[in-house]
Novice: 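Quick one: structure below, then a few questions.
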Amino acid sequence: MASLNAAKQQLRSAMKQKISAISHESALSQSTVVYNTLKTFRPYLDAKRISVFLSMPTGEIQTDAIVRHALESGKEVFVPYLHRNPTASPGLPARVMDMVRLRNITDYESLKPDAWGIPSIDPATVHERQRIFGGPDAHYSDRALLDLVLMPGVAFDMAPERGTIRRLGHGKGFYDYFLNRHNEKSVSIAGGGEQRQESTSSCPTPPVLLFGLALSEQFLYAPSEGSVPVGPLDQPLDGLILGNGEIKIPLSPSSSSASSSSSTPEN
């Protein structure tokens, strides 16, 4: 585990230097490409309940246009909310991430930037919102699940031996822990016979789709650029949309909804 963590930190350091050389204009241009690609991408079009990361001012895809489009399209949009872990245990992280729902565009525009410049949910309003790990409450939070998670990352690549898409995060484990809890909740709801709030079908709950959004410089195309080290808790992605318009899909996708191997948007 120590060697894995060291390898991850080494790649993060290298990527930090690489990303710092990307101009603001290039990042904005690539963000527009990702947005336009996503608008015609079938998994996004089909998703009713999505989570979208809210961007730092620099160094990653800017998601403002995506959040606005999703809200205007009638999707239920959830964004990250970091808080103290209510389950105190030596084996669990002290801070964890939940996803809480935005009410509308006005609500989104009212978010204030945190210390990193990321628009953030006011903790005083969390109890008024539907959230993935809340409830039971008036918002049916106890039955809330996601269809699609749009994720940030530091670096991405495709495993040469298996064709899976690997993601290197920022090292806090927020998404790893969140996705593990989301999977457990999905199994619990399916096993208990409960239905998702918007579902009228008796079919099993489909797995949440995980898609990364990245600047093209964040994808490691060649072994000479390095590779993304992963451990047992690192979940492979269902796909990755890059700032040059490419869509990377696993060679053996985990979900039939993202089974196309095309590198162009699906209409």
Side-chain angles (χ1 to χ4, degrees), residues 38 41-54 63 66-67 69-71 73-83 85-87 92-93 95-104 107-108 121 125-153 165 167 169 173-213 233-241 250 253-259:
L38 193 67
F41 190 45
R42 181 53 55 189
Y44 171 77
L45 295 175
D46 290 344
K48 296 182 175 65
R49 301 165 61 83
I50 73 171
S51 79
V52 187
F53 68 94
L54 300 182
T63 59
I66 296 171
V67 173
H69 182 270
L71 288 168
S73 300
K75 299 183 186 298
E76 297 180 21
V77 180
F78 291 72
V79 297
Y81 170 67
L82 304 180
H83 62 93
N85 192 343
T87 306
L92 297 178
R95 284 174 59 79
V96 294
M97 181 175 70
D98 199 353
M99 295 290 177
V100 299
R101 186 178 173 186
L102 294 174
R103 302 184 188 96
N104 48 42
D107 182 33
Y108 167 59
I121 295 290
T125 70
V126 170
H127 72 284
E128 304 169 357
R129 302 173 183 273
Q130 188 178 59
R131 55 203 191 278
I132 298 302
F133 300 124
D137 56 23
H139 313 292
Y140 301 98
S141 293
D142 54 322
R143 289 186 279 165
L145 291 171
L146 297 168
D147 302 321
L148 173 67
V149 177
L150 299 178
M151 304 170 63
I165 296 176
R167 168 186 173 269
F174 290 131
Y175 274 93
D176 295 332
Y177 191 63
F178 171 84
L179 292 172
N180 183 61
R181 294 174 71 197
H182 188 277
N183 291 341
E184 290 178 349
K185 182 177 179 180
S186 178
V187 170
S188 175
I189 288 178
E194 296 182 52
Q195 298 299 314
R196 296 174 70 169
Q197 186 178 358
E198 75 281 0
S199 175
T200 58
S201 169
S202 59
C203 297
T205 300
V208 61
L209 291 176
L210 311 178
F211 275 82
L213 306 180
L233 299 180
D234 296 307
Q235 295 196 35
L237 301 185
D238 293 285
L240 174 67
I241 302 177
S254 59
S255 170
S256 60
S257 297
S259 60

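Heads up: numbering here begins at 1 and tracks the sequence.
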Novice: For a 4.5 angstrom cut-off between non-hydrogen side-chain atoms, does Arg42 reach Leu45?
Specialist: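 Result yes, sub-4.5 Å side-chain heavy-atom pair found.
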
Novice: For Tyr177, enumerate each residue passing the side-chain hydrogen bond (donor to acceptor under 3.5 Å, both in side chains) test, keeping only those at least two apart in sequence or located in another chain.
Specialist: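 With sequence neighbours excluded, Tyr177 shows a side-chain hydrogen bond (donor to acceptor under 3.5 Å, both in side chains) to no residue whatsoever.
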
Novice: Calculate, to the nearest 0.5 Å, the distance between atoms CG and CG belonging to Asp46 and Leu209 respectively.
Specialist: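 One gets 9.5 Å once the value is rounded to the nearest 0.5 Å.
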
Novice: List the atom of Gln130, the atom of Phe78, and the distance in Å for their closest heavy-atom pair.
Specialist: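 Minimum heavy-atom separation between Gln130 and Phe78: OE1-CZ, 3.2 Å.
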
Novice: When you compare the side chain of Val67 with that of Leu54, does any pair of heavy atoms fall below 4.5 Å?
Specialist: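 In short, these two side chains touch, coming nearer than 4.5 Å.
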
Novice: Between Phe53 and Tyr175, is a ring-ring contact (aromatic ring centres under 6.0 Å, His included) present by the stated rule, with each step listed?
Specialist: CA-CA 11 Å; Phe53 68 94; Tyr175 274 93; 7.8 Å; no

Novice: Do Leu145 and His182 come close enough that some side-chain heavy atom pair is under 4.5 Å?
Specialist: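 Contact flag for Leu145/His182 side chains = yes.
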
Novice: Using the test side-chain hydrogen bond (donor to acceptor under 3.5 Å, both in side chains), find all partners of Ser51 that sit at least two apart in sequence or belong to another chain.
Specialist: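 Not a single residue meets the side-chain hydrogen bond (donor to acceptor under 3.5 Å, both in side chains) criterion with Ser51.
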
Novice: Going by heavy atoms in the side chains, are Leu102 and Ile121 under 4.5 Å from each other?
Specialist: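 Yes. Closest side-chain heavy atoms under 4.5 Å.
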
Novice: Among residues at least two apart in sequence or on other chains, which ones pass side chain to side chain contact (heavy atoms under 4.5 Å, CB included) with Ala70?
Specialist: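 Applying side chain to side chain contact (heavy atoms under 4.5 Å, CB included) to Ala70 gives Tyr44, Ile50, Lys75, Val77.
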
Novice: Identify which one of Leu38, Leu148, Ile66, Val149 satisfies the side-chain contact (heavy atoms from CB on, under 4.5 Å) criterion when paired with Val52.
Specialist: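 The passing option is Ile66.
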
Novice: Which residues pass the side-chain hydrogen bond (donor to acceptor under 3.5 Å, both in side chains) test with Asp234, not counting sequence neighbours?
Specialist: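 Asp234 satisfies side-chain hydrogen bond (donor to acceptor under 3.5 Å, both in side chains) with Lys8 only.
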
Novice: List the residues meeting ring pair (Phe, Tyr, Trp, His ring centres under 6.0 Å) with Tyr81, not counting sequence neighbours, and say none if there are none.
Specialist: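 Per chain and number, Tyr81 pairs via ring pair (Phe, Tyr, Trp, His ring centres under 6.0 Å) with His83.
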
Novice: Applying salt bridge (charged side-chain N to carboxylate O under 4.0 Å, His left out), which residue pairs with at least one partner in residues 126-137 are found, sequence neighbours left out?
Specialist: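 Residue pairs passing salt bridge (charged side-chain N to carboxylate O under 4.0 Å, His left out), neighbours aside: Arg103-Glu128, Asp107-Arg129, Arg131-Asp137.
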
Novice: What are the two closest non-hydrogen atoms of Leu150 and Leu213, and how far apart are they?
Specialist: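 Closest pair (atom of Leu150, atom of Leu213, distance): CB-CD1, 4.1 Å.
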
Novice: Please round to the nearest 0.5 Å and tell me the distance separating atom CD1 of Ile132 and atom CZ of Arg181.
Specialist: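 It is 10.5 Å, given to the nearest 0.5 Å.
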
Novice: I need the minimum non-hydrogen distance between Asp98 and Phe133, along with the two atoms involved.
Specialist: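 Shortest heavy-atom contact: OD1-N, 3.2 Å.
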
Novice: Is any side-chain heavy atom of Phe211 less than 4.5 Å from a side-chain heavy atom of Leu237?
Specialist: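 No, their side chains stay 4.5 Å or more apart.
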
Novice: Is there side-chain contact between Asn183 and Gln235, with at least one heavy-atom pair below 4.5 Å?
Specialist: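 Heavy-atom side-chain distance check passes, below 4.5 Å.
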
Novice: Does any non-hydrogen side-chain atom of Phe174 lie less than 4.5 Å from one of Pro80?
Specialist: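 No, their side chains stay 4.5 Å or more apart.
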
Novice: Could you check whether any side-chain heavy atom of Tyr108 comes within less than 4.5 Å of a side-chain heavy atom of Val79, counting everything from C-beta outward?
Specialist: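 Of all side-chain heavy-atom pairs linking Val79 with Tyr108, none is under 4.5 Å.
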
